[in-house]
Amino acid sequence: QGGSKLGALPFWPPTVAAMASVALVTTRAVWLLLLLLASTSEAQIRVVAPFSLAQQYVRGRIEGSTAMFGAPFYGDKVLGRLVYAESRGLSYCTPDDYSIYHEHHNDDESESSEHGKLIDIVMVRRGNCSFVKKVQIAADKGAHAVIIIDVEGSSRTSQDLQRIIVADDGYGSDIKIPSVLISSMDGAQLIEAARRGSVVVELAWDVPVGHVVQVDLWMSAASKQSSTFLKEFWHNRKELNGVIRFQPHYDVFQLSPSNSQVYNELCTDTSGNFCAEDPDGAGQIKGKDVLEEDVRQLCIHDITKIARESDQSKMANVVVYYAEKYWRYVSEFADTCLLDATNPQDRFGQECSERVQSDVGISVEEVQDCVRRTKDEKLTYERENPAWSMNALRINGWRYSGILDAELVTRAICAGFISPPDVCETLFRPRDPTVPFAAQPVNQGITMGMFFLWLSIAGCLFTGAALLYKRHLKQNVHTVLREEVMLEVQAQMGQYAKLGA
């Protein structure tokens with residue numbers, strides 16, 4: 001990964017599909033290369049000081065490729081001081097390979113007053129281990145961001161590197177800082193300047209802008225990562241329902257019809273035209289089941305979407321749709337229809353899907369009709385319009401990089417507006433670049449389930465209080481009665497004593 005000439009492709013666990021045919025690898029590799037030539041996720045580094053260093057770059061800027069893991073500072077321009085330490089021979093791949101020293105930024109009052117609060121941006125060289133490992137080690141040493149410089153002596157330019165996917169090796173989910181890959185030529189100048197003195201740069205991620213933001217998400221109906229993101233993103237999507245155009249896509253690929261045994265497990269039929277990854281290995285759910293659910297979800301989105309109008313959609317002269325029942329369905333389906341359920345009614349598949357559709361208020365017959373009429377058409381479109389990963393996101397046609405987190409994605413979306421709507425200011429707080437990214441809990445109000453839960457708890461408390469009050473009242477009544485009886489007895493005894501006298 002870290003030293004690969006082509007860069008690292010997304011981490012996919014080995015499956016039957018991966019072993020089926022070299023043709024699959026070739027076809028998807030061609031698609032990936034074509035996609036990389038399209039809009040890519042660029043990170044802009046602008047040299048602020050010293051001025052002599054900034055003059056060595058066009059407008060003081062360095063373009064790089066953002067890592068697919070971590071958390072870029074979307075919507076912000078962040079200033080930082082470059083930190084560099086020589087490797088002791090292990091290519092920045094072990095914690096004891098280098099040491100970095102964090103300056104106390106307040107010690108230099110002139111620089112602090114001029115540039116404000118500066119983060120520490122650690123520079124490391126590429127090679128001999130994965131990008132993830134290098135960034136994780138730097139993060140553990142206190143880095144707020146990381147610049148990965150291409151291998152020494154490489155002739156690759158910044159344009160070449162922007163077509164490289166700085167991929168997650170499967171262990172990047174815990175990294176909460178951004179990282180950027182830049183060319184060896186650009187990096188050599190930064191290293192030399194950092195050796196001589198303080199270098200201040202600005203990090204920025206420029207998302208293409210529009211009055212309305214187009215969001216395209218690629219996923220699999222059986223992916224836990226995708227379903228988790230959809231549930232967490234639903235609230236923000238609803239808040240932005242009049243200003244973003246959301247389109248779901250599903251991962252579909254084609255295999256050569258030379259091994260029908262494999263296609264029976266992954267594809268709709270032995271032609272191998274439409275195939276999907278097996279989500280549970282030796283389990284009961286196959287690629288064919290996933291494709292059927294993919295089509296059902298596409299139909300549900302098409303059937304239930306409703307046109308929304310806003311000032312921004314009018315300025316963009318586009319129609320914006322929001323499919324409330326689609327979002328409810330995918331959220332409930334993920335919680336209800338499990339891959340490993342033993343009961344068919346609760347297992348991933350058509351029976352469970354139709355039960356959830358009924359619960360959400362979707363016409364089962366209308367979805368069935370849509371699937372019959374448009375299945376091949378939808379699968380063909382998804383197969384011919386793939387992404388670089390099974391879980392991929394584009395914002396205004398621009399390749400999103402970073403963890404698939406609802407808040408981080410929303411920050412990137414809000415950065416994609418010419419004039420961000422007011423709701424963007426309420427969805428998240430300003431981010432402190434000196435603190436690793438942590439998503440804020442989203443206040444989604446009280447759901448119906450929570451309402452009945454709290455109502456039940458309140459009912460139990462009321463019932464308990466009523467029983468305690470009844471018991472207390474009964475004891476008081478008994479006490480009063482005893483006292484009344486005793487007083488009456490004493491009075492009668494007094495009267496009896498008088499009669500005896």
Side-chain angles (χ1 to χ4, degrees), residues 35 38-41 74-75 205-221 226-227 229-252 294-331 362 370 374 377-378 380-382 384-389 391-402 404-428 442:
L35 286 165
S39 178
T40 57
S41 179
Y74 288 121
W205 282 263
D206 296 329
V207 181
V209 296
H211 292 295
V212 168
V213 172
Q214 175 71 41
V215 179
D216 293 270
L217 175 67
W218 281 262
M219 55 189 161
S220 166
S226 299
S227 60
F229 170 75
L230 288 172
K231 286 191 294 182
E232 293 176 350
F233 181 64
W234 178 15
H235 172 263
N236 293 353
R237 168 68 183 96
K238 188 173 184 178
E239 292 296 311
L240 294 164
N241 69 68
V243 290
I244 67 173
R245 303 176 72 190
F246 175 83
Q247 180 59 50
H249 299 276
Y250 293 86
D251 185 62
V252 180
D294 290 345
V295 176
R296 279 193 292 269
Q297 292 189 10
L298 286 168
C299 281
I300 290 171
H301 187 267
D302 288 347
I303 291 169
T304 63
K305 65 183 181 183
I306 298 173
R308 305 279 179 166
E309 191 175 77
S310 65
D311 292 339
Q312 288 172 262
S313 66
K314 291 177 183 177
M315 286 188 286
N317 195 28
V318 296
V319 180
V320 175
Y321 294 96
Y322 174 59
E324 170 76 15
K325 291 183 177 179
Y326 165 83
W327 290 93
R328 286 182 58 195
Y329 170 82
V330 294
S331 296
I362 299 170
C370 173
T374 66
E377 176 188 346
K378 283 180 165 57
T380 299
Y381 180 84
E382 297 303 318
E384 295 179 355
N385 293 274
W388 58 93
S389 168
N391 295 289
L393 182 71
R394 282 195 181 277
I395 299 174
N396 289 339
W398 172 87
R399 191 183 80 210
Y400 169 85
S401 292
L404 196 62
D405 173 86
E407 182 186 325
L408 192 63
V409 168
T410 305
R411 288 176 181 271
I413 290 172
C414 286
F417 289 105
I418 294 175
S419 298
D422 294 339
V423 68
C424 282
E425 297 181 3
T426 66
L427 291 175
F428 45 79
V442 178

Please report the interatomic distance [atom1]([X]) to [atom2]([Y]), rounded to the nearest 0.5 Å.
X: D405; Y: T410; atom1: CG; atom2: OG1; result: 8.0 Å
X: N236; Y: N241; atom1: CG; atom2: CG; result: 12.0 Å
X: I303; Y: I362; atom1: CD1; atom2: CD1; result: 8.0 Å
X: Q247; Y: R394; atom1: CD; atom2: CZ; result: 14.5 Å
X: F246; Y: L240; atom1: CZ; atom2: CG; result: 12.5 Å
X: L404; Y: E232; atom1: CG; atom2: CD; result: 9.0 Å

Check side chain to side chain donor-acceptor pair (under 3.5 Å) between [X] and all other residues, then give those that pass, not counting sequence neighbours.
X: S331; value: none
X: D216; value: Q214, H249
X: K378; value: D302, T374
X: Y321; value: none

Between W218 and W388, is there a donor-acceptor pair closer than 3.5 Å when you use the side chain of the first and the backbone of the second?
->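 Checking the backbone N and O of W388 against the side chain of W218, no donor-acceptor pair under 3.5 Å is found.
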Do side-chain atoms of N396 reach the backbone of G416 as a donor and acceptor pair under 3.5 angstrom?
->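 Here the side-chain-to-backbone pair exists.
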So do the side chains of [X] and [Y] get within less than 4.5 Å of each other, counting heavy atoms only?
X: R411; Y: L427; value: no
X: F229; Y: L217; value: yes
X: I413; Y: F233; value: yes
X: E324; Y: I306; value: no
X: V215; Y: R237; value: no

Residue pair S401, W205: steps toward the side-chain contact (heavy atoms from CB on, under 4.5 Å) verdict = CA-CA 10 Å; S401 292; W205 282 263; over 6 Å; no
In chain order, what residues pass the salt bridge (Lys or Arg N to Asp or Glu O under 4.0 Å) check against E425, with sequence neighbours excluded?
-> none
Closest heavy-atom pair and its distance - M219, P248 | CE-CB, 3.5 Å
Atom pairs and distances, side-chain donor-acceptor, residues 311-319, under 3.5 Å, sequence neighbours left out:
unit_1: Q312; atom_1: NE2; unit_2: H211; atom_2: O; d: 3.0
unit_1: Q312; atom_1: NE2; unit_2: S419; atom_2: O; d: 3.3
unit_1: S313; atom_1: OG; unit_2: S310; atom_2: N; d: 2.8
unit_1: S313; atom_1: OG; unit_2: S310; atom_2: O; d: 2.8
unit_1: S313; atom_1: OG; unit_2: S310; atom_2: OG; d: 3.4

In chain order, what residues pass the ring-ring contact (aromatic ring centres under 6.0 Å, His included) check against F417, with sequence neighbours excluded?
->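 In terms of ring-ring contact (aromatic ring centres under 6.0 Å, His included), with neighbours along the sequence ignored, F417 is linked to no residue.
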Tell me, please, which residues at least two apart from A412 pass side-chain contact (heavy atoms from CB on, under 4.5 Å).
->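 Y74, I395, Y400.
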Identify, with sequence neighbours excluded, every residue that meets side-chain contact (heavy atoms from CB on, under 4.5 Å) alongside Q297.
->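 Listed in chain order: A221, Y250, E293, Y326, Y329, V330, F333.
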